[in-house]
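Data first, discussion second: the structure below is written as structure tokens.
Given the structure is predicted, the values throughout are model-derived calculations rather than measurements.
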Amino acid sequence: MEQTPQGPPGVHRLGDSLVNFYAVEEPEGLVLVDAGLPGHWTMLVDALTGLGASVTDIRAVLLTHAHPDHLGLAARLQREAGAAVWIHRADAPTLAAPNPALAGPKPERAIVPYLLRRPAALALPLHLARRGGFRPAPVPRPGTFQSRLVLTGVPGAPEAVPLPGHTPGSAAYVFPGHGAVFTGDALVTYDGLTGARGPRLMCRGFSHDSAGALASLDRLSELAAGAGQGGDPTLFPGHGEPMVHGLSEAVTRARGLGVI
């Protein structure tokens, strides 16, 4: 578990070198943004113990999309902690499928050409397989949203912001009290397939609609512009390093790179 250096207090980075998810501390309880892989359970329990908390303190799990490296612990936390699970309505059918890893829309491009160009990228699917990423448990009845919505029943009252492209139901979550924007894979700082680092969109081998993902950067620009006196929000991506007070810069750089 990492507290982002000089980042907002109460936001803790979980996961491993390839997959991020986050715990957000609020007075009413803990919120997870994304849920890693099934094999992250012990790490999560240990991290919460270090905070003086336990999984039963988790009130909600906010999923940025329904890819298996983001939903791995969601069903277990719903069952064992009673946590509410939220996701955009467009990705809810994938989340509820018998095996979410095999459901959902296909990416624009096959992964094989990327692997042939960069064999080291094989480390990513092997990593997911070792941690149960290809057999995540489904979540049949999540809470859903269709458009921008403040989740008033979730600690911290985060705002869900749809960012379609990477998947049809990709979304960010904004925690105004922390100056934090969690973007999942709609905006990352590391692409495990290409090996590229720095703010960018996921490559076409991982994305359903790259043109839509590029257009969704406009919504993130609006969030940065509307941050007000709190300054530029801190970007917490699904993969790669967070960028403290770096959302505006990240959007600009990602837009300049376009889609690979």
Side-chain angles (χ1 to χ4, degrees), residues 15-16 18-21 32-41 43-44 61-80 83 85-146 162-171 183-186 188 190-194 201-213 216 237-239 259-260:
D16 53 50
L18 295 179
V19 176
N20 297 336
F21 63 112
L32 288 194
V33 181
D34 283 328
L37 293 160
H40 284 139
W41 180 260
M43 182 277 302
L44 173 63
V61 179
L62 310 181
L63 298 178
T64 60
H65 61 295
H67 278 169
D69 52 335
H70 294 259
L71 60 87
L73 299 176
R76 187 169 181 178
L77 289 167
Q78 185 188 59
R79 182 177 68 252
E80 297 189 17
V85 177
W86 285 87
I87 196 167
H88 189 280
R89 189 178 301 169
D91 273 19
T94 300
L95 184 62
N99 183 355
L102 300 179
K106 303 303 180 186
E108 287 183 329
R109 289 184 178 172
I111 290 178
V112 172
Y114 292 91
L115 297 178
L116 291 175
R117 285 195 295 270
R118 182 175 175 266
L122 280 168
L124 181 58
L126 291 174
H127 180 80
L128 300 185
R130 284 194 296 267
R131 287 161 178 78
F134 296 129
R135 291 292 306 177
V139 180
R141 292 176 296 278
T144 63
F145 54 90
Q146 182 70 27
L163 300 173
H166 179 66
T167 67
S170 286
T183 56
D185 289 1
V188 300
Y190 175 66
D191 185 327
L193 199 52
T194 66
L201 299 173
M202 277 292 193
C203 68
R204 289 185 171 98
F206 277 155
S207 290
H208 162 67
D209 175 11
S210 57
S216 285
H239 303 275
V259 182
I260 299 173

Once rounded to the nearest 0.5 Å, what's the spacing between atom OG1 of Thr167 and atom NE2 of His208? 8.0 Å

How long is the straight-line distance from OH of Tyr190 back to CG of Leu18, given to the nearest 0.5 Å? 6.0 Å

Name the orientation class of the two ring planes belonging to His239 and His70 (parallel below 30°, tilted from 30 to 60°, perpendicular beyond 60°). perpendicular

Any side-chain heavy atom of Arg89 within less than 4.5 Å of one from Phe145? no

Could you tell me whether the side chain of His166 and the main chain of Asp209 form a donor-acceptor pair under 3.5 Å? no

Going by heavy atoms in the side chains, are Val61 and Gln78 under 4.5 Å from each other? no

Are side-chain heavy atoms of Pro105 and Pro168 found at a separation under 4.5 Å? yes

In terms of heavy-atom contacts, Pro138 and Ala75 come closest through O-CB, 3.4 Å

Taking every non-hydrogen atom, the tightest pair across Asp191 and Cys203: OD2-N, 2.9 Å

Within-4.5 Å side-chain heavy-atom neighbours: Asp91 and Leu63: no

Shortest non-hydrogen contact from Val188 to Pro237? CA-CB, 3.7 Å

What are the two closest heavy atoms between Leu193 and Arg118, and how far apart are they? O-NH1, 3.5 Å

Closest approach of Pro38 to Leu73 (non-hydrogen atoms, all atoms of both residues): O-CD2, 3.5 Å

Roughly how far, to the nearest 0.5 Å, is the CG atom of Leu115 from the CG atom of Leu122? 5.0 Å

Under 3.5 Å donor-acceptor, Asn20 side chain and Gly15 backbone: no

Quick check: are there more than 12 heavy atoms from other residues, nucleotides or ligands sitting under 6.0 Å from CZ of Arg130? yes

Would Phe21 and His40 count as a ring pair (Phe, Tyr, Trp, His ring centres under 6.0 Å) here? Give the steps. CA-CA 10 Å; Phe21 63 112; His40 284 139; 5.5 Å; yes

Is the shortest side-chain heavy-atom distance between Thr64 and Asp185 below 4.5 Å? no

With a 4.5 Å limit on heavy-atom distance, are the side chains of Ile111 and Phe206 in contact? yes

Counting only N and O atoms by type, is there a donor-acceptor contact under 3.5 Å from the side chain of Ser216 to the main-chain atoms of Pro164? yes

Less than 4.5 Å apart, side chain to side chain, heavy atoms only: is that true for Ser207 and Leu201? no

Does the side chain of Leu44 come within less than 4.5 Å of Leu32's, by heavy atoms? yes

When you measure from the side chain of Asp69 to the backbone of Gly133, do you find a donor-acceptor pair of N or O atoms at a distance under 3.5 Å? no

Just verifying a value: how many Å separate Arg204 CZ and Arg109 CZ, rounded to the nearest 0.5 Å? 4.5 Å

Look at atom CZ of Arg135 and say whether more than 12 heavy atoms of other residues, nucleotides or ligands are closer to it than 6.0 Å. no

Heavy-atom pair of closest approach, residues Ala74 and Ala35: N-CB, 3.6 Å

Nearest-0.5 Å distance, OG1 of residue Thr194 to OH of residue Tyr114: 8.0 Å

So does Gly36 get a backbone contact from the side chain of Asp34, meaning a donor-acceptor N/O pair under 3.5 Å? no

